[in-house]
Structure formats: structure tokens, C-alpha cells
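Okay, structure first, notes after.
Residues: numbered from 1 along the sequence shown. The model shown is predicted, which means the values in this text are computed figures rather than measured ones.
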Amino acid sequence: MRALLVSLALVSVASPASADDWDRLAGAADAVRRIDDAAARPTLESLRDSTDLDIKSAANHLLARVLARASDAAGARAALEAARPIAQVFAPAWRYAEIDVLEAEGNHTDALARLESLRKDFSEFRKLEVTLRDSRLTEVVGSPQDAARTALAAAAVSQIRLPGDELIDRAARATAKFDPEEGRRLDRRLLLAYPESELADAALARLGGLKSLDRSERLDRVKRLFERRAYERCREEAQRLWADGARLWAD
């Protein structure tokens with residue numbers, strides 16, 4: 001049984017396409033998943049007009065995402081329409097690519113609505129990726145309250161497989177617009193939990209620098225910087241603490 005995983009969609013087993021075409025498509029699909037679009041695009045463009053419907057549909061489906069990420073909205077839309085058979089084989093994969101295209105077209109409101117519909121109909125499809133994307137789109141088209149809510153909800157889903165620094169940063173910036181005190185609290189959470197992040201540096205600047213932290217919090221930052229192997233930053237902050245009379249790792 002011949003099957004190709006393309007964005008979780010299985011394509012037909014009855015295909016006259018050569019094994020070489022299948023191998024090339026599989027390699028391109030892997031490159032798209034790795035967001036190595038430059039490697040995937042030439043192969044997909046050479047396969048998009050294949051006489052084999054399965055190869056053609058799968059190649060156009062992947063190409064729609066690649067072109068959308070390259071901000072080629074018209075090209076992405078054309079490729080998506082050519083990939084319509086994918087919608088019959090595995091609907092969520094085609095619907096997810098449509099969200100890419102809508103974003104490339106600048107239609108973020110419809111993109112968010114389609115994402116929420118996809119999430120409702122196929123709750124397990126790319127669950128973490130969809131959760132993160134929901135937060136990003138909500139920041140663009142939603143209210144600050146909604147942006148903060150979705151960011152914090154996403155951060156609660158997984159602190160390992162989702163970018164917690166991005167989510168807490170989004171929540172802090174959005175919250176600051178309607179609750180400045182809570183926004184500062186979230187900034188402190190960010191700079192203590194992710195001291196190695198550039199987003200934490202921005203939060204630290206918003207709070208007024210390291211002087212906004214007490215000695216215990218600064219010690220916690222140094223320890224976490226060491227744990228995250230941010231050794232140069234760890235050394236810098238540790239030296240400043242030492243000069244202030246602090247003794248690291250002391251009870």
C-alpha cells in the first residue's frame with residue numbers, strides 16, 4: 001500500500017506516478033515541515049502540473065503554504081484551489097492551508113474565524129500549533145483582553161512545546177493596555193522565567209532594569225541563566241550581584 005503523509009493527509013494508493021516522484025514529494029513535504037521552503041519550492045513547482053492527480057494535488061497543497069509564507073498571496077490562492085482534492089481526502093489539512101492563504105491575503109479576521117472553526121471541528125489536529133496560531137491571530141484582530149486571555153491560555157497548555165516567552169510577552173503587553181499593574185506583574189514573570197530571552201530583556205527595560213528586582217529575584221535569574229546555558233549573561237549578572245555583596249547559591 002503506497003501512502004504519502006502530506007500535512008497528515010493520505011493520498012490515493014492507486015497511482016501511476018513513479019517511485020521517484022513519490023520520493024521527491026516526500027522530501028519536499030519534509031522540507032516544508034522544517035520550514036525550509038527554499039529547498040521545497042523547486043520540487044513542488046516541478047510536480048504541481050503532474051499528470052497524476054494525487055501528486056498534483058499534494059504538491060499544490062504544499063506549495064500553497066510555501067507561497068503564502070513568501071507573501072505571494074495570488075500564487076498561494078491558485079495553488080490552494082488546484083489542491084481541492086485534498087479537501088476530500090483530509091479536510092483539516094486543506095482548511096489549515098487556507099488559513100495560511102488568508103493571512104497572506106491580509107484577511108486576518110477571516111483567518112481567525114476559519115482557525116476557530118477548524119479547532120471546533122477537528123480539536124486534535126495540530127493542537128499545539130493551532131493553539132499558538134490562535135494567540136498570534138487574536139493579537140492582530142482581537143481586543144487587548146482577548147489577546148491576553150488567549151496568550152495565557154496557550155501558555156498554560158504547555159511550557160515545553162510552546163514558546164512561553166512569546167506568549168507571556170504578548171499577555172503582558174496586551175494586559176498593560178487595560179491593567180498596567182497586572183501587565184507589570186506579567187513582565188516580572190517573563191523576565192524571571194525566561195531570563196535568556198530577548199523578550200525578557202524588553203520586559204526588563206519596561207520595568208526599569210535590574211534595579212526593579214530584589215536580590216532574591218536577581219539570584220533566581222542568575223541560577224536560571226546558568227541552567228539555560230546562557231553563560232555570558234549569567235556571568236555578567238553574577239558579577240554585578242557579587243559586587244553588591246550577594247553570595248550565589250547561599251541558603
So do the side chains of [X] and [Y] get within less than 4.5 Å of each other, counting heavy atoms only?
{"X": "Arg221", "Y": "Arg233", "value": "yes"}
{"X": "Arg41", "Y": "Leu67", "value": "yes"}
{"X": "Arg133", "Y": "Asp100", "value": "yes"}
{"X": "Leu80", "Y": "Asn60", "value": "no"}
{"X": "Arg173", "Y": "Glu139", "value": "yes"}
{"X": "Glu105", "Y": "Arg77", "value": "yes"}
{"X": "Trp22", "Y": "Asp54", "value": "yes"}
{"X": "Leu25", "Y": "Leu62", "value": "yes"}

For a quick test of reading the model, state the closest non-hydrogen atom pair linking [X] to [Y] and the distance between them.
{"X": "Ala174", "Y": "Ala148", "result": "CB-N, 3.8 Å"}
{"X": "Ala93", "Y": "Ile86", "result": "CB-CG2, 4.4 Å"}
{"X": "Arg69", "Y": "Val32", "result": "NH2-O, 3.2 Å"}
{"X": "Ala111", "Y": "Glu103", "result": "CB-CG, 3.9 Å"}
{"X": "Ala31", "Y": "Ala39", "result": "CB-CB, 4.3 Å"}
{"X": "Thr150", "Y": "Ser135", "result": "OG1-CA, 3.8 Å"}

Is any side-chain N of the basic residue among [X] and [Y] closer than 4.0 Å to the acidic one's carboxylate O?
{"X": "Arg170", "Y": "Glu166", "result": "yes"}
{"X": "Asp187", "Y": "Arg184", "result": "no"}
{"X": "Arg224", "Y": "Glu196", "result": "no"}
{"X": "Glu232", "Y": "Arg235", "result": "yes"}
{"X": "Arg119", "Y": "Glu124", "result": "no"}
{"X": "Asp121", "Y": "Arg95", "result": "yes"}
{"X": "Asp169", "Y": "Arg206", "result": "yes"}
{"X": "Arg34", "Y": "Asp30", "result": "yes"}

Following the transitive rule for hydrophobic clusters with a side-chain heavy-atom cut-off under 4.5 Å over Ile, Leu, Val, Met, Phe, Trp and Tyr, establish whether [X] and [Y] coincide in one cluster.
{"X": "Val157", "Y": "Leu132", "value": "yes"}
{"X": "Leu192", "Y": "Leu207", "value": "yes"}
{"X": "Leu167", "Y": "Val141", "value": "no"}
{"X": "Leu199", "Y": "Leu191", "value": "no"}
{"X": "Val140", "Y": "Leu102", "value": "no"}

| Hey, mind stepping through Ser57 and Arg84 against side-chain hydrogen bond (donor to acceptor under 3.5 Å, both in side chains) and telling me if it holds? | CA-CA 7 Å; Ser57 299; Arg84 280 278 179 183; over 6 Å; no
| message | For Phe125 and Tyr96, take the angle between the two ring planes, folded into 0 to 90°, and tell me which bin it lands in: parallel under 30, tilted 30 to 60, perpendicular over 60. | response |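 Judged by the thresholds at 30° and 60°, the geometry between Phe125 and Tyr96 is perpendicular.
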Nearest 0.5 Å please: distance from the [atom1] atom of [X] over to the [atom2] atom of [Y].
{"X": "Leu210", "Y": "Leu204", "atom1": "CG", "atom2": "CG", "answer": "5.0 Å"}
{"X": "Cys234", "Y": "Leu225", "atom1": "SG", "atom2": "CG", "answer": "5.5 Å"}
{"X": "Leu241", "Y": "Gln239", "atom1": "CG", "atom2": "CD", "answer": "10.5 Å"}
{"X": "Ile168", "Y": "Thr175", "atom1": "CD1", "atom2": "OG1", "answer": "11.0 Å"}
{"X": "Tyr194", "Y": "Leu190", "atom1": "OH", "atom2": "CG", "answer": "8.5 Å"}
{"X": "Asp110", "Y": "Leu137", "atom1": "CG", "atom2": "CG", "answer": "11.0 Å"}

| Does Thr131 reach the main-chain N or O of Lys127 with its side chain, forming a donor-acceptor pair under 3.5 Å? |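 Yes, the answer is positive, given that a donor and an acceptor are paired below the 3.5 Å cut-off.
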| request: Output yes when a side-chain donor or acceptor of Ser212 lies under 3.5 Å from a complementary backbone atom of Gly209, and no otherwise. | output: yes
| request: Given side chain to side chain contact (heavy atoms under 4.5 Å, CB included), test Arg48 with Lys56 step by step and report yes or no. | output: CA-CA 5 Å; Arg48 68 180 306 180; Lys56 178 178 180 177; 5.8 Å; no
| From CA spacing to verdict: side chain to side chain contact (heavy atoms under 4.5 Å, CB included), Arg229, Tyr231 | CA-CA 5 Å; Arg229 300 184 180 182; Tyr231 297 129; 3.3 Å; yes
| said: Can a side-chain donor-acceptor contact be found between Arg24 and Ser46 if the only test is distance below 3.5 angstrom? | reply: yes
| request: Check step by step if salt bridge (charged side-chain N to carboxylate O under 4.0 Å, His left out) holds for Arg240 and Glu237. | output: CA-CA 5 Å; Arg240 294 175 65 178; Glu237 294 198 19; over 6 Å; no
